[in-house]
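For reference, the structure discussed in these notes is given below.
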Amino acid sequence: MTHIHLRDVSLTFPVLHGASRSLKKTVFSRAKSSVQKIRQGKVGGTMSLDEAGSGCLLVQALSGFNISINSGDRVGLIGHNGAGKTTLLRVLAGIYEASAGRVDVEGKRHALIDPQAGMNPELTGRENFRLFALRLGLKKSEVQAMEKDVEEFSDLGLFFDLPLRLYSSGMGVRLGFALATLPRPNILLMDEWFMAGDQRFQNKAEQRLSSMVSSAEIVVVASHSLSVLRTWCNRIVWMEGGCIKMDGPAEDILEAYEEFLKKAQ
Ligand SMILES: Nc1ncnc2c1ncn2[C@@H]1O[C@H](COP(=O)(O)OP(=O)(O)OP(=O)(O)O)[C@@H](O)[C@H]1O
């Protein structure tokens, strides 16, 4: 049965190793005030210095995180910059390994986290598609049909046959989105880049995404756009400093979050 269960999951990034001793000292003296900030829900994960071990500056992106997500849940992640939303998505996608705790994910998962994931900037849009199709293990007939679909959807004109390094960031998003929305996973993990691009593209993207979302059993999406979250989610997890601040029905949590944002202004 498709599910996600996290038990006491923590993830700490070691940053600034021994070579940058003076910089580390400077940052750590600031880090102490960041710890204060995080308690007010301002920005980033908690910082500390691993004085007993490597001497590294540590950033705790997730801290004792517990959650169960089951079939039918469309979960939106909200919270301040650096609250740990993308890190959580990466842990769920299997891109990052937790430093502690238990991660139990059952079901075919697919992540729309990085628009250029797995793409080679030296290859053309078409060549990147063919590489992607190979990785998906598609049959020749399927590849032909999908190639037409990706070319039409990304609407890059002649740029489809030019190297990716010549694309603007929005053009890269068009191609990345066209490719990333080909698989049909049980668990769909999305970061907010998927709503990038110009307005016309966003409308097209929304239609394509809705068929992917409706066929997935579980969706987890991180976004700062409350309207996007209202559209796609039935449950919201509000994160602060790598922990859960609130978790519940979408409308209840979004209302509380809006209230919090108003007061913080
Ligand atoms: N690869 C990394 N190396 C070191 N620190 C990292 C790394 N990735 C994230 N962090 C740190 O972990 C914390 C959580 O970052 P994360 O990207 O998960 O936040 P977020 O909630 O997605 O933020 P935003 O809303 O700004 O996208 C931050 O303090 C960030 O600096």
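What you see is a predicted model; the values in this text were computed from it and never measured. Atoms within a ligand are numbered from 1 in the order they appear, just like the ligands themselves.
- Linking Ile, Leu, Val, Met, Phe, Trp and Tyr whenever their side-chain heavy atoms come within less than 4.5 Å leaves Leu188 and Leu179 in two separate clusters.
- Using a non-hydrogen distance threshold of 4.0 Å, Glu192 does not register as a contact of ligand 1.
- Looking at atom 22 (O) of ligand 1, its nearest protein heavy atom turns out to be Thr86 OG1, 2.7 Å.
- Contact annotation for atom 30 (C) of ligand 1: protein absent (non-hydrogen atoms, distance under 4.0 Å).
- Of all the listed residues (Ala61, Gly82, Gly79), Gly82 holds the heavy atom that lies closest to atom 19 (O) of ligand 1.
- Hydrophobic cluster membership differs between Tyr167 and Leu123, with clusters built from Ile, Leu, Val, Met, Phe, Trp and Tyr side chains linked at under 4.5 angstrom.
- Thr124 and Asp161 are not linked by any side-chain donor-acceptor pair at a separation below 3.5 angstrom, with hydrogens and angles left out of the test.
- A salt bridge links Glu152 with Lys148; the closest basic N to acidic carboxylate O contact falls under 4.0 Å.
- Scanning the protein for heavy atoms near atom 18 (O) of ligand 1, the closest one is Thr87 OG1, 2.5 Å.
- Distance from atom 6 (C) of ligand 1 to its nearest protein heavy atom, with residue and atom name: Phe13 CD1, 3.3 Å.
- Residues Arg102 and Asp8 are not paired through a salt bridge, judged by the lack of any N-O separation under 4.0 Å between the basic side chain and the carboxylate.
- Some N or O of Ala83 is nearer than 3.5 Å to an N or O of ligand 1, by distance alone.
- The N/O atoms of Val59, backbone and side chain alike, include none that comes under 3.5 Å of an N/O atom in ligand 1.
- Considering only non-hydrogen atoms, atom 24 (P) of ligand 1 lies nearest to Asn81 out of Thr12, Asn81, Ile113.
- Closest heavy-atom contact between Arg184 and Ser211: NH2-OG, 3.1 Å.
- Protein heavy atom in closest approach to atom 28 (C) of ligand 1: Gly45 N, 3.8 Å.
- Atoms of ligand 1 lying under 4.0 Å from any heavy atom of Tyr96, numbered from 1 in the order shown and given with element: 1 (N).
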Residues Arg7, Ser68; criterion side chain to side chain donor-acceptor pair (under 3.5 Å); working and verdict: CA-CA 9 Å; Arg7 291 290 163 262; Ser68 281; 3.1 Å; yes
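- Among His224, Arg90, Lys85, the residue whose heavy atom sits closest to atom 21 (O) of ligand 1 is Lys85.
- Between Arg230 and Ser225, the side chains place no donor N or O within less than 3.5 Å of an acceptor N or O (distance only, hydrogens not considered).
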